Amino acid sequence: MKYDFKKIEKKWQKTWSKNDYAVWHAEEKPRAREMYVLDMFPYPSGEGLHVGHVEGYTASDILSRYYRMRGFNVLHPMGWDAFGLPAENYAIKKKVHPAEVVKQNVKRFKEQLNKLGFSYDWQREVNTTDPEYYKWTQWIFLQLFEKGLAYEAEVPVNWCPKDKTVLANEEVIDGCCERCSEQVERKNLKQWVLKITAYADRLLKDLEDLDWPDKVKEMQKNWIGRSEGAEIDFPVANSTLKIKVFTTRPDTIPGVTYLVLAPEHALISQLDARITNPNAVKEYLETARHKSERERIADIRQKTGVELRGIKAVNPLTGKEIPVWTSDYVLSGYGTGAIMAVPAHDQRDFEFAKNFELPIVQVISLTGREEDLASAYGGDGIMINAGEELNGLGNQLAKETIIEKLEAHKKVNYKLRDWVFSRQRYWGEPIPLIFCEQCKKQAVNSKFQTPNSKHNEFNEGEILNPGWVPVPEEDLPVELPKVKNYEPTGSAESPLAGIDKWVNVKCPQCGEPAKRETNTMPQWAGSCWYYLAYILSEKLKVKSDKDFWDKKSLDYWLPVDVYIGGVEHAVLHLLYARFWHKFLHDIEAVSTKEPFQRLVNQGLILGPDNQKMSKSRGNVVNPDELVEKFGADSLRLYEMFMGPLEDAKPWQPDGIVGVHRFLNRVWNLVGEKRKTKSEKTDDKLERLLHKTIKKVTEDVEGLKFNTAISSLMILVNEMEKAESIVNSQLLLVTKLLFPFAPHIAQELWSQLGPSASSGQASLLDHEDWPKYDEKLITEEDFELLIQVNGKLRDKVMVSKNTTQEEAEKLVLGMEKIKEFVGKAKPKKIIFVPGRLINIVV
RNA sequence: GCCCUCGUGGUGGAAUUGGCAGACACGCCAGCUUUAGGAGCUGGUUCCGCAAGGAAUAGAGGUUCGAGUCCUCUCGAGGGCACCA
């Protein structure tokens, strides 16, 4: 009989789908060991499933099937991250509602996933665009608001002119939009911002305990960018004003030869009247303002700037007057927006000083003498040119001395910026806030007088954002209104702003006319808590608000044991979700500090040309075609066999043929041997079988699927050659193969297994994972490697209990070895029991 | 510029973590087979050499009885951050 994968796969997919996929439905069983295996849920794009999805989803499916057989209670859910630009852009183009687009795409994705035989708990399926889902996204936002972690501010933001919306810092790659690659512009806009910086320290520190790839930890660490230093005041000469700077190197203060203010620094306008070159300064500020992010980055090597003539600052250590400049190499958003420049010890200052012929004073030297510096010296050394008190000290000691002397404040700064959280687009969660002029007046006054108004007590968010009133919990969700036109307006408002009926509401606090917030949440909002939504999915459906945050269930399943997905979310989704989780922990909605205990990044599958797959390169591999031609089992197996899960690997078009052949051989092997019905157990084969059980078990747990498959291939190769195979051996092979290629394994099981004759197939999902017999794995004899001077010369089979004396006697008596050793007495003999002997002459 | 990861046959990749380099596959070569399919079977396939043997894990040094694996430097590739003071 031929291996008819199409028929087999269809047959079992149908069986598994019975009763809404009840086989894989996870229930909370007390005392059972639980295992939460999570995939990064897809954005259901119009293009359908990609081979990259298949890679990660196959890996998690193997784990899920394996742990189920090991008796774990496995939660392995799937859902849809369906808000966002592509659906909206497609909808605009095709004039269909985005919700309709999402519906179609989800249907297609689900079909594709099922055709690959992934064992998801579909009863827990969630969709971020479902109002019953985003109700709780909005609810979490309101909790953030009430705790003062959401605030409205006019901030410089990244604006994508093509997508006509603001972007978070994390969404800007090389000065370009993460989605459409358009150059972003800087704009000052009033935006909702989440105070992720309040969690900077914990987001950094708690990375330590996570079982994550070093690379991702490193990326988050760099993104958070903690640096310790001190704030130093530089008095402005003939003035009471001070210029505050942040530095990590107070030891270099004696070498400060000028100060630089960011073009946006408030002091520039304050000192306006005293600047003697106002036109030059104004002109510079103007050009700086119009520079794009791109241009600024391009200017790294050529620093521009202008001196604020007429203004001098005083070096607090030397007492010397130094010039004050402004330059856009100083960022307004970091530290104090002003720096002390130490050209001798900071490369950027060095370049600036060279460019404008400013003095360079070396104060730290490795040799203790002044050198002719070709670039800034950033290392440690001895203080020079730093005054009697400091000269000769090591710079680290000098650092402490200077901080003490100047009574400076130690200070920690972060690169991490608060999360710009509003988008000027239609297809996102409405931000559930209402602006009320009436309440604004009262909120402003509420700090000074007891509120005796219609407005109840003000929460932190309302005090921080006067006039903004949260939509009451019972009115959630704030549903996206259906509109005819969802084109972005190109202004700071979303298309929702045009719907008067929706915008104009009564203030839920005082009843006066008020207006809804019309911006929507960013793409990332829904994915910040979807792993919790799966657990709570039952409660999502019944629409009861009571006990929605079912802590017992959350405690049962959390944290996620294994989380598999691409590395592209390292500082986006993974940082945002950690932030929300920590916040939910603080308000006691969840018990764990972190959401995802173990993270695995599947490596990119490259095109056959070793380049990233892309439509423009024409090197995209389509999984549908492969399933059609070779079957889902072959595709799954090949993607796992390609190489280590975490490595980037090129697609080899012929590679899938190899694993397809393998499955054919398994099929034929079982078919043929079933007829011969051998009774005698082949001892050698039995040993190999048990070794393979051990190997596959260990490799699956270590996610080393490529070597697990290779060991199965070795086993099958040997079985083909074997004189006799018994049924129980074949059954073990089908079990071992099941997580990788479930359809063929299940089919063979139904033909050979205990229920074969009854016609009522038992499912492998409910069978036990094979155990190996330790006795069959440990061999009595082993091959002793014989080395002379570290070079392999011969091998000999000996008992595993062979002592060094016995081995020496045996080996030194061998003719071949005598030749290599010669007549001289061995200098030294190394003996590694059970492995090798090395004779050194 | 800084940080991270990685360099093994014609190709994807193995190597029990310091102990037989190249498992398992793809491809290729030779033969068989014919049911002519991208899919069967057998054998071969790192390089030099007829062989004994020698060389070889990007390159150069080092540690070690022993290094693909550890250390130092150089070269190369991929990724991340990028004027963060």
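Here is the naming used below: chain letters follow the sequence lines, and residue numbers restart at 1 for every chain. A quick note: this is a predicted structure, and the numbers were derived from the prediction, not measured. Excluded from the calculations below are hydrogen atoms, water molecules and symmetry mates; all remaining heavy atoms, backbone and side chain alike, are included.
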J.: Report which part of the nucleic acid A/I714 touches: base, sugar-phosphate, or nothing (heavy-atom distance under 4.0 Å, all strands).
T.: sugar-phosphate

J.: Categorize A/V330 for me: base, sugar-phosphate, or nothing, with a 4.0 angstrom heavy-atom threshold over every strand shown.
T.: base

J.: Do you see a donor-acceptor pair shorter than 3.5 Å between the side chains of A/T304 and A/Y284?
T.: yes

J.: Measure all distances between protein nitrogen or oxygen atoms and nitrogen or oxygen atoms of nucleotides 27-35 of chain B, and list the pairs falling under 3.5 Å.
T.:
none

J.: Given that both pair distances must be under 3.5 Å and the pair must be Watson-Crick or G-U, what runs of three or more consecutive pairs involve RNA chain B?
T.: B:1-7 with B:75-81, B:10-12 with B:24-26, B:27-32 with B:40-45, B:46-48 with B:53-55, B:58-62 with B:70-74

J.: Collect all protein-nucleotide pairs involving nucleotides 18-22 of chain B in which both atoms are nitrogen or oxygen and the distance is under 3.5 Å.
T.:
| from | atom 1 | to | atom 2 | distance (Å) |
| --- | --- | --- | --- | --- |
| B/G19 | N2 | A/Q787 | OE1 | 3.0 |
| B/C20 | O2 | A/K795 | NZ | 2.5 |

J.: How long is the straight-line distance from CG of A/D647 back to CD1 of A/I605, given to the nearest 0.5 Å?
T.: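 That separation rounds to 11.5 Å.
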
J.: Answer yes if the side chains of A/D633 and A/Y638 hold a donor-acceptor pair under 3.5 Å, and no otherwise.
T.: no

J.: Which whole number of Å gives the distance between the C1' atom of B/U33 and that of B/A23?
T.: 29 Å

J.: Using ring centroids (six-membered ring only for Trp), state whether A/F352 and A/Y329 fall under 6.0 Å.
T.: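 So the answer is yes for these two rings.
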
J.: Is the shortest distance from a Lys or Arg side-chain nitrogen in A/K721 or A/E718 to a carboxylate oxygen in the other one below 4.0 Å?
T.: yes

J.: What's A/N706 touching, base or sugar-phosphate or nothing? Going by heavy atoms closer than 4.0 Å.
T.: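 Answer is sugar-phosphate: A/N706 comes under 4.0 Å of backbone atoms only.
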
J.: Quick one: closest heavy-atom pair of A/E646 and A/P213, and the distance?
T.: OE1-CG, 4.2 Å

J.: Counting only non-hydrogen atoms, which of residues 217-227 of chain A are less than 4.0 Å from RNA chain B?
T.: A/E218, A/M219, A/W223, A/S227

J.: Give me the distances for all protein-to-nucleotides 5-11 of chain B N/O pairs that come in under 3.5 Å?
T.:
| from | atom 1 | to | atom 2 | distance (Å) |
| --- | --- | --- | --- | --- |
| B/U11 | O2' | A/Q652 | NE2 | 2.7 |

J.: As a test of the definition: with a 90° window around 0 for syn, would you call B/G9 syn or anti?
T.: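 In terms of base orientation relative to the sugar, B/G9 is syn.
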
J.: What distance separates A/L259 CG from A/K244 NZ, expressed to the nearest 0.5 Å?
T.: 13.5 Å

J.: How is A/N717 classified with respect to the nucleic acid when contacts are heavy atoms under 4.0 Å: base, sugar-phosphate, or nothing?
T.: sugar-phosphate

J.: A/K704 side chain: which of B/C83, B/U17, B/A85 is closest?
T.: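 That would be B/U17.
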
J.: Quote, to the nearest angstrom, the C1' distance that separates B/C20 from B/U57.
T.: 15 Å

J.: Spell out yes or no: do the side chain of A/K629 and the base of B/G38 have one donor N/O and one acceptor N/O closer than 3.5 Å?
T.: yes

J.: Report which part of the nucleic acid A/F641 touches: base, sugar-phosphate, or nothing (heavy-atom distance under 4.0 Å, all strands).
T.: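 Base, at least one base atom sits under 4.0 Å.
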
J.: Does B/A85 have OP1 or OP2 sitting under 4.0 Å from an N or O in the side chain of A/Y329?
T.: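 It does not, given that no N or O in the side chain of A/Y329 lies less than 4.0 Å from OP1 or OP2 of B/A85.
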
J.: Give me the distance, rounded to whole Å, that separates B/G19 from B/A30 when you measure between the C1' atoms they each carry.
T.: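 That atom pair is separated by 37 Å.
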
J.: Under a 3.5 Å cutoff, is there a donor and acceptor pairing between the side chains of A/D380 and A/Q396?
T.: yes

J.: Would you mind checking if A/K649 and A/E55 are paired as a salt bridge, meaning a charged N to carboxylate O distance below 4.0 Å?
T.: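 Looking at A/E55 and A/K649, the cut-off is met.
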
J.: Just how far is it from atom CH2 of A/W212 to atom CD of A/Q220, taken to the nearest 0.5 Å?
T.: 5.0 Å

J.: I'd like to know if A/K6 pairs up with A/E628 as an ion pair, taking the criterion as any Lys NZ or Arg NE/NH1/NH2 lying under 4.0 Å from an Asp or Glu carboxylate oxygen.
T.: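 So A/K6 pairs with A/E628 through a salt bridge.
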
J.: Side-chain N or O of A/R793 less than 4.0 angstrom from OP1 or OP2 on B/G54?
T.: yes

J.: Output the residues of residues 247-265 of chain A in contact with RNA chain B, where contact means a heavy atom of the residue under 4.0 Å from an atom of the strand; sort by number or write none.
T.: A/T247, A/T248

J.: Starting from the 5' end of RNA chain B, give me the residue, A/M713 or A/N789, whose nearest nucleotide shows up first.
T.: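 Looking at the nearest nucleotide for each, A/M713 comes out on the 5' side.
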
J.: Would you measure the distance from the C1' atom in B/C28 across to the matching atom in B/G61 and give it in whole Å?
T.: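 Going atom to atom, C1' in each nucleotide, I get 38 Å.
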
J.: Indicate syn or anti for B/U17, taking the glycosidic torsion and treating anything within 90° of 0 as syn.
T.: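 For B/U17, whose glycosidic angle is within 90° of 0, the conformation is syn.
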
J.: Which part of the nucleic acid, if any, lies within reach of A/A648 when heavy atoms closer than 4.0 Å are counted: base, sugar-phosphate only, or nothing?
T.: sugar-phosphate

J.: Between A/E720 and A/R665, is there a salt bridge with N-O shorter than 4.0 Å?
T.: yes

J.: Can you check whether A/F356 reaches A/V306 side chain to side chain, under 4.5 Å on heavy atoms?
T.: no

J.: Touch check for A/P653, heavy atoms < 4.0 angstrom, all strands: base, sugar-phosphate only, or nothing?
T.: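 Base, at least one base heavy atom under 4.0 Å.
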
J.: Check whether the side chains of A/D418 and A/T197 place a donor and an acceptor atom closer than 3.5 Å, and report yes or no.
T.: yes

J.: Distance between the P atoms of B/A58 and B/A52, in whole angstroms?
T.: 27 Å

J.: Please give the distance between the C1' atoms of B/U63 and B/G18 as a whole number of Å.
T.: 12 Å

J.: Identify whether the distance between the nearest side-chain nitrogen and carboxylate oxygen of A/K629 and A/E625 falls below 4.0 Å.
T.: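 A/E625 and A/K629: not salt-bridged.
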
J.: Taking the side chain as C-beta and beyond, is there a heavy-atom pair between A/Q787 and A/V840 under 4.5 Å?
T.: no

J.: With a 3.5 Å cut-off and no angle check, do the side chains of A/E747 and A/W667 form a donor-acceptor pair?
T.: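 No, no side-chain donor-acceptor contact under 3.5 Å.
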
J.: Roughly how far apart, to the nearest Å, are B/C41 and B/U34 at atom P?
T.: 15 Å

J.: Rounded to the Å, how far apart are A/D174 CG and B/C81 P?
T.: 8 Å

J.: Side-chain contact test, heavy atoms from C-beta onward, threshold under 4.5 Å: evaluate it for A/V193 versus A/W419 and give yes or no.
T.: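 No; the side chains remain at least 4.5 Å from each other.
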
J.: In whole angstrom, give me the gap between the P atoms of B/G27 and B/G38.
T.: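 Between the two P atoms, the distance is 13 Å.
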
J.: How long is the line joining CH2 of A/W651 and P of B/A25, in whole Å?
T.: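 For the pair A/W651 CH2 and B/A25 P, the rounded distance is 18 Å.
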
J.: Does the side chain of A/D201 come under 3.5 Å of the side chain of A/Y414 through a donor N or O and an acceptor N or O?
T.: yes

J.: Ion pair present between A/D346 and A/R249, side-chain N to carboxylate O less than 4.0 angstrom?
T.: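 Between A/R249 and A/D346 there is no salt bridge, as every charged N stays at least 4.0 Å from the carboxylate O atoms.
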
J.: State whether A/K649 places a side-chain N or O below 4.0 Å from either non-bridging phosphate oxygen (OP1 or OP2) of B/G12.
T.: no

J.: What about the rings of A/F350 and A/H345, do their centers lie closer together than 6.0 Å?
T.: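 Here the rings of A/H345 and A/F350 have centres that are no less than 6.0 Å from each other.
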
J.: Reading RNA chain B from 5' onward, which residue's closest nucleotide shows up sooner: A/K612 or A/R417?
T.: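 Between the two, 5'-proximity favours A/K612.
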
